[in-house]
Amino acid sequence: MDISAFVFLSSSLFLFYFVFSNAVDSITQSQSLSDSKGTNLVSKDDGFVLGFFSTGNSNNRYLGIWYNNISVRTVVWVANRGNPIRDSSGVLMLNSSGSLVLLSQNRTVVWSANSTQEAGSPVVELLDSGNLVLREKNEENPESYLWQSFDYPSDTWLPGMKLGWDLRTGLERRLTAWKSPDDPSPGELSLGIVLHNYPEIVVKNGSKIYCRGGQWNGIRFSGGPGGLKTNPVHNFTSVSNKDELYFMYHTIKKSLITRAVINQTLHKYERYMWIEADKKWIAYFSAPQDTCDSFNLCGAYGNCIIGYSPICQCLGGFKPKSPERWNPDDWAKGCVRTTELSCKDKDKIGFVKLVGLKLPDTTYSWVNKSMNLSECRVQCLNNCSCMAYSNTDIRDGGSGCAIWYGDLIDIRQVAGGGQDTDWLDVYIRMPASKKVNQEVSPPKKKVNQEDVIDKQKMKVRVAVAIAIAVVFGVLLIAYCICKRKNFRVNLVIAVILLMEYAYMANGLYAWLT
Ligand SMILES: *[C@@H]1O[C@H](CO)[C@@H](O)[C@H](O)[C@H]1NC(C)=O
Ligand SMILES: *[C@@H]1O[C@H](CO)[C@@H](O)[C@H](O)[C@H]1NC(C)=O
Ligand SMILES: *[C@@H]1O[C@H](CO)[C@@H](O)[C@H](O)[C@H]1NC(C)=O
Ligand SMILES: *[C@@H]1O[C@H](CO)[C@@H](O)[C@H](O)[C@H]1NC(C)=O
Ligand SMILES: *[C@@H]1O[C@H](CO)[C@@H](O)[C@H](O)[C@H]1NC(C)=O
Ligand SMILES: *[C@@H]1O[C@H](CO)[C@@H](O)[C@H](O)[C@H]1NC(C)=O
Ligand SMILES: *[C@@H]1O[C@H](CO)[C@@H](O)[C@H](O)[C@H]1NC(C)=O
Ligand SMILES: *[C@@H]1O[C@H](CO)[C@@H](O)[C@H](O)[C@H]1NC(C)=O
Ligand SMILES: *[C@@H]1O[C@H](CO)[C@@H](O)[C@H](O)[C@H]1NC(C)=O
Ligand SMILES: *[C@@H]1O[C@H](CO)[C@@H](O)[C@H](O)[C@H]1NC(C)=O
């Protein structure tokens with residue numbers, strides 16, 4: 001081999017190494033990622049990879065982003081969700097007019113980034129956050145990115161990603177589930193923010209609300225117990241102004257890896273944390289959490305209370321609309337007033353304060369963040385279709401005014417006994433003959449068949465737990481006093497079986513309830 005050929009070969013290899021080795025986090029116009037060559041982008045801190053992948057047993061190829069350091073491949077974003085490439089011909093590149101395009105055979109455009117401006121010297125970079133961005137070479141300001149994958153989420157909400165609206169451009173960022181674990185094309189389930197006057201976070205099934213996370217009250221979403229709230233793992237940021245309306249979260253400890261996903265198979269929104277020791281994701285929050293999270297289960301003025309029978313109760317001053325047929329099929333019919341409201345005479349109208357409730361659906365609502373509660377009351381009193389009012393922000397003793405028009409729906413009990421202070425009180429319009437401004441606690445829990453069964457189940461569970469503990473103790477003593485190795489090994493196996501048995505018993509119990 002002559003020297004020039006050697007120099008050419010080694011410099012090509014050198015170039016190849018630098019352009020295509022896993023250490024690259026960006027490409028420019030002269031470079032590309034190719035499925036057949038197996039080239040990837042890896043973010044600077046090694047957290048995320050952009051590359052080609054298949055799902056299940058299919059040969060369909062997708063361009064996507066997944067965690068680099070996690071042994072269970074977890075895809076967080078897919079470019080060509082509904083448009084797979086059938087072979088390994090996929091190439092991601094910046095074409096000569098600066099657009100980011102994904103090409104398949106015969107240079108067919110399979111997917112392209114929707115940038116509004118043409119770039120002069122564009123760079124595509126995979127950031128440490130997992131955000132794939134298209135920007136001008138020297139432009140570092142996120143506001144000036146030409147395009148970013150965080151603006152077009154798939155099913156995963158990552159830390160630092162905005163969920164909500166850019167009101168200037170009308171861009172909505174929401175999560176859409178994969179159709180199935182093997183098919184990333186958009187499914188029916190989505191998580192997003194609906195732009196009512198008083199915006200809410202909702203899970204939708206197609207165009208219908210499936211589960212309502214509720215409104216942001218300054219420290220949490222009003223939707224459900226243990227719900228979306230700042231906690232030791234992640235905190236929330238809420239931004240609402242004339243330009244933008246979004247929610248964002250950050251993982252408080254940098255070393256923790258968390259994600260939130262909308263999952264069509266589970267019919268759930270779930271929040272996961274990676275447990276490196278066990279090499280698995282654990283879900284630490286999911287919605288819907290219980291029956292009462294089903295949207296509008298109890299109908300107008302119905303209050304869904306877990307543990308009550310029937311689970312739907314009417315708010316104080318209301319009675320079932322169809323009393324003789326108060327069964328599950330009729331719950332949705334809701335409740336009606338025991339005493340009709342007179343609209344004209346304001347002296348005959350008052351408001352009853354209810355505590356620990358999920359704020360009603362805000363499809364028909366009105367908000368003024370500068371008003372205080374007494375102004376809010378007047379605002380509501382002055383309009384006959386106003387049925388309730390509340391503060392919008394719970395911090396510093398409460399501020400802002402929200403009012404509800406028409407029937408109040410999708411109410412549930414979220415807190416009991418005044419222990420929780422995270423919930424806004426809501427004031428409901430009532431005839432003045434009803435006691436005004438008195439706290440109405442939910443009706444006393446009725447003893448019923450289900451409770452008796454619950455108690456029996458509890459007894460069985462305790463008995464099983466004690467039995468297991470005793471057997472475990474005996475085995476432990478046997479292990480300590482016996483020195484024979486085989487016997488000890490058998491004991492360890494016995495303990496493992498015992499633990500599995502306990503786990504199964506627990507599962508059986510959960511299934512029974
Ligand atoms: C990924 O793993 C590498 C090597 O173990 C480590 O240096 C890096 O900090 C990790 N990055 C993240 C984001 O966990
Ligand atoms: C680059 O890709 C964009 C998007 O597909 C397309 O509109 C444009 O015509 C392409 N430019 C060239 C030179 O092919
Ligand atoms: C690519 O182009 C060739 C020649 O025009 C054609 O025979 C072939 O079917 C094309 N392949 C695809 C996948 O479109
Ligand atoms: C691309 O942008 C246009 C105009 O803003 C929008 O109508 C279209 O839905 C966008 N396409 C995608 C795939 O986001
Ligand atoms: C979503 O809606 C479809 C059509 O109405 C229905 O068949 C399906 O069961 C719903 N899924 C869930 C999770 O409610
Ligand atoms: C959330 O936590 C991140 C990381 O610790 C921090 O930078 C940010 O300021 C916090 N945001 C809020 C609203 O507390
Ligand atoms: C959704 O749930 C299914 C069933 O448990 C699981 O196989 C799949 O991995 C989940 N998807 C995500 C993105 O977590
Ligand atoms: C909101 O309330 C404040 C204080 O009462 C008032 O000055 C302002 O005009 C109200 N804004 C609207 C849009 O009603
Ligand atoms: C509410 O605001 C009005 C008008 O600014 C003021 O007169 C009133 O004292 C305030 N009430 C309370 C309870 O702060
Ligand atoms: C009461 O509010 C409704 C709903 O916003 C509105 O249509 C109606 O005009 C209002 N009535 C009065 C008297 O302000």
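We number each residue from 1, following the sequence as shown. Numbering of ligands and ligand atoms starts at 1, following listing order.
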Exercise. For ligand 10, which atoms, with element, lie under 4.0 Å from some heavy atom of Asn383?
Worked result: 1 (C), 2 (O), 3 (C), 8 (C), 10 (C), 11 (N), 12 (C), 14 (O)
For this session: Check ligand 10 against Ser385 and write out every atom of the ligand that is under 4.0 Å from a heavy-atom position of the residue.
Result: 1 (C), 2 (O), 3 (C)
Exercise. Tell me, which residues have any heavy atom less than 4.0 Å from some atom of ligand 5?
Worked result: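 Heavy-atom contacts below 4.0 Å: Asn205, Tyr210, His267.
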Exercise. Hey, is Lys280 close enough to Asp278 for a salt bridge, meaning N to O under 4.0 Å?
Worked result: no
Exercise. Less than 4.0 Å between a side-chain N and a carboxylate O, is that true for Asp293 and Arg412?
Worked result: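 So Arg412 pairs with Asp293 through a salt bridge.
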For this session: Write out all pairs satisfying ring pair (Phe, Tyr, Trp, His ring centres under 6.0 Å) with one or both partners inside residues 186-212, taking only residues at least two apart or from two chains.
Result: none
Exercise. Looking only at the SG atoms, are Cys401 and Cys376 under 2.5 Å from each other?
Worked result: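 Correct, these two cysteines form a disulfide.
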For this session: Evaluate the pair Cys304, Cys298 and indicate whether the two SG atoms are within a distance below 2.5 Å.
Result: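 Looking at Cys298 and Cys304, their sulfur gamma atoms do not lie closer than 2.5 Å, so the answer is no.
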Problem set entry | Heteroatom proximity flag, Asn263 to ligand 7, N/O under 3.5 Å |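 Yes, at least one N or O pair falls under 3.5 Å.
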Problem set entry | Partner residues of Lys279 under the salt bridge (charged side-chain N to carboxylate O under 4.0 Å, His left out) criterion, sequence neighbours left out |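 With sequence neighbours excluded, Lys279 shows a salt bridge (charged side-chain N to carboxylate O under 4.0 Å, His left out) to Glu276, given in chain and number order.
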Exercise. How would you list, by chain and number, every residue that makes a salt bridge (charged side-chain N to carboxylate O under 4.0 Å, His left out) with Arg429, sequence neighbours excluded?
Worked result: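 Listed in chain order: nothing, the list is empty.
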For this session: Heavy-atom distances under 4.0 Å are what count here, so tell me which part of Asp155 touches ligand 7: side chain, backbone, both or neither.
Result: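 For Asp155, the contact with ligand 7 is made by the side chain alone.
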Problem set entry | Ring-face cation of Arg271 near Phe285 (centre distance under 6.0 Å, axis angle within 45°) |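 Geometry flag: not set, cation outside 6.0 Å or 45°.
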